[in-house]
Structure formats: structure tokens, C-alpha cells
Amino acid sequence: MKDYNLERFQCGLSELKIELSKEQMEQFLNYYELLVEWNSFMNLTAITEFDQVITKHFLDSLSIVKVCRIDQIGTVLDVGTGAGFPGIPLKIAFPKLEIVLLDSLNKRVKFLNEVIERLGLEGIRAVHGRAEEFIRTDGAREGFDLAVSRAVANLSSLCEYCLPYVKTGGSFISYKSGKIQEELSSAKQAVKVLGGELENTVYFQLTGTEDERSFVCIRKKKETPKKYPRKAGMPAKEPIGAVPRKNNG
């Protein structure tokens with residue numbers, strides 16, 4: 001393994017009040033090396049430079065501690081996990097979490113399984129599937145304390161993907177970047193229809209950057225109606241609460 005300068009990582013961890021053992025730090029470094037290796041022959045991330053990955057993937061994923069007592073959570077579903085963010089960094093830093101990584105692309109799931117095996121992670125599994133379909137798996141609906149997503153999608157669609165998986169009393173936390181007031185306004189009906197309630201929105205600047213980030217925290221107040229999520233493609237194509245397009249024909 002290369003000799004990496006960990007100053008930025010350690011500074012960011014200190015700011016988040018997260019302490020890692022030597023073994024955990026090595027797991028993060030191994031994760032980085034696997035990410036770069038696999039990224040050379042498949043598209044996992046546009047960010048590969050070490051300090052950038054540390055900041056924009058690892059620390060960004062761990063920043064959820066700003067809004068959630070993650071050490072007190074039991075089960076987590078990471079929807080649209082991609083290269084494993086935020087699920088794998090959360091598992092490394094908080095090993096007691098039971099995590100399911102859900103992604104619709106099988107080759108990304110193969111990468112995730114390689115990471116899980118090489119890092120010796122337990123209590124975490126990668127699943128190939130869409131959010132609209134995995135919900136039919138035994139124990140999936142209303143089966144998680146927390147659902148998270150860094151996926152690029154509008155908040156209304158993300159709520160439909162994620163809230164059906166959350167237990168009543170649990171939470172869905174969406175990782176967002178930039179200004180999201182318009183998204184929040186558009187998602188109000190979806191949040192309500194799906195059994196949620198907007199708890200708070202926290203804006204912050206990503207450590208060591210000028211990047212604006214936010215967390216949208218939604219509490220699950222009652223069960224999601226069984227008809228949600230709708231069939232594959234519908235949550236993205238016709239988000240709940242969206243103004244129907246006029247037919248000019």
C-alpha cells in the first residue's frame with residue numbers, strides 16, 4: 001500500500017468527532033485503492049484523486065453524523081448506492097450497523113461485493129435491483145430504521161424510492177448539494193402521501209471545500225400505502241405532486 005498523506009482525512013474526522021482505529025483507517029485506504037483499480041475499467045466515479053475521494057466521498061458520506069445519532073441506528077438501506085456511498089464508509093466507521101446496499105447495475109454490485117470481501121466487512125450485503133422491485137422482497141417493506149441516498153434524483157422521486165422501506169418512527173435522510181428550496185417545496189405532497197413528515201433540513205459546507213451540502217431529514221410517521229412505490233420508472237417520470245403536463249395535441 002502507498003504511503004498516503006492522511007492529514008486532510010484526520011482533520012475532517014476530528015471535525016465530525018469520529019475516531020477510527022488503525023484497522024478502520026486501513027479499510028478506508030483499501031477501499032480507495034479498489035475504487036481506483038475498478039474505475040480503470042468501469043465507470044464508478046469521476047473523482048479519483050486521493051484527497052478528493054477523501055473529501056467528496058468518504059467525509060461527505062460520514063457527514064450524516066451532523067443530523068443523526070448513527071451509532072444508535074440498527075438497520076440501514078442505501079438506495080442507489082453506486083460505488084458504495086454512503087453505505088460502505090458508514091459501515092467501516094460504525095461496524096455495528098446492519099446495511100443493505102441497493103443498486104440497479106449488476107457490475108457495480110460485483111464491485112461492492114469485492115470491497116465487502118476484501119475489507120472483511122460483516123453485516124453488510126450488496127443487492128442488485130431497483131427500489132421499485134426490491135420492495136417485494138420478504139422483510140424489505142417497512143423493514144429498516146434508516147434509509148439513505150446520495151443518488152442524483154429529485155426529492156419527490158427519492159421519497160417514493162426510500163420511505164416505503166422505513167419503519168414507522170424511522171427516518172429517510174437524503175444527501176443533497178446546492179440550493180434545494182424548490183425541491184423541498186415540490187416534495188411536500190410526496191412526503192405526506194408516503195407517510196412522512198419533514199423533520200429538518202441542515203445546510204453545511206463540505207470540509208476543506210467551498211461545496212454546499214445539505215441533509216433533508218424525513219421522519220416516518222405512518223405506514224406507506226401499499227401501492228407505493230409505483231412500477232419501475234414511474235417515480236422518476238411522474239413524481240408525486242408534479243403538475244401534469246398539458247397535452248397540446
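Keep in mind the model is a prediction, meaning the values are calculated, not measured.
- Of all the heavy atoms in Pro239 and Asn154, the pair that sits closest is CG-ND2, 3.7 Å.
- Relative to the six-membered ring of Phe215, Lys66 misses at least one condition, a distance below 6.0 Å or an angle of at most 45° to the axis.
- Nearest heavy-atom pair, Phe85 versus Arg150, reported as atom, atom and distance to 0.1 Å: CB-NH1, 3.0 Å.
- Although no hydrogens or angles enter the test, the distance criterion places a donor-acceptor pair under 3.5 Å between the side chain of Arg230 and the main chain of Glu238.
- Between the side chain of Glu132 and the backbone N or O of Gly233 there is at least one donor-acceptor pair closer than 3.5 Å.
- Ring geometry, Phe134 versus Tyr165: the interplanar angle falls under 30°, so the pair is classed parallel (tilted spans 30 to 60°).
- Aromatic ring pairs are classed by plane angle as parallel below 30°, tilted from 30° to 60° and perpendicular above 60°; the pair Tyr31 and Phe58 is parallel.
- Scanning both residues, Ile70 and Leu97, for their nearest heavy atoms gives O-CD2, 3.5 Å.
- The distance from the CZ atom of Arg118 to the CG atom of Leu34 is 4.5 Å, given to the nearest 0.5 Å.
- Of all the heavy atoms in Ile135 and Pro164, the pair that sits closest is CD1-CB, 3.8 Å.
- With salt bridges taken as basic N to acidic carboxylate O contacts below 4.0 Å, one links Glu142 and Lys220.
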key: Stepwise side chain to side chain contact (heavy atoms under 4.5 Å, CB included) check, Val76 with Phe94   = CA-CA 12 Å; Val76 180; Phe94 303 97; over 6 Å; no
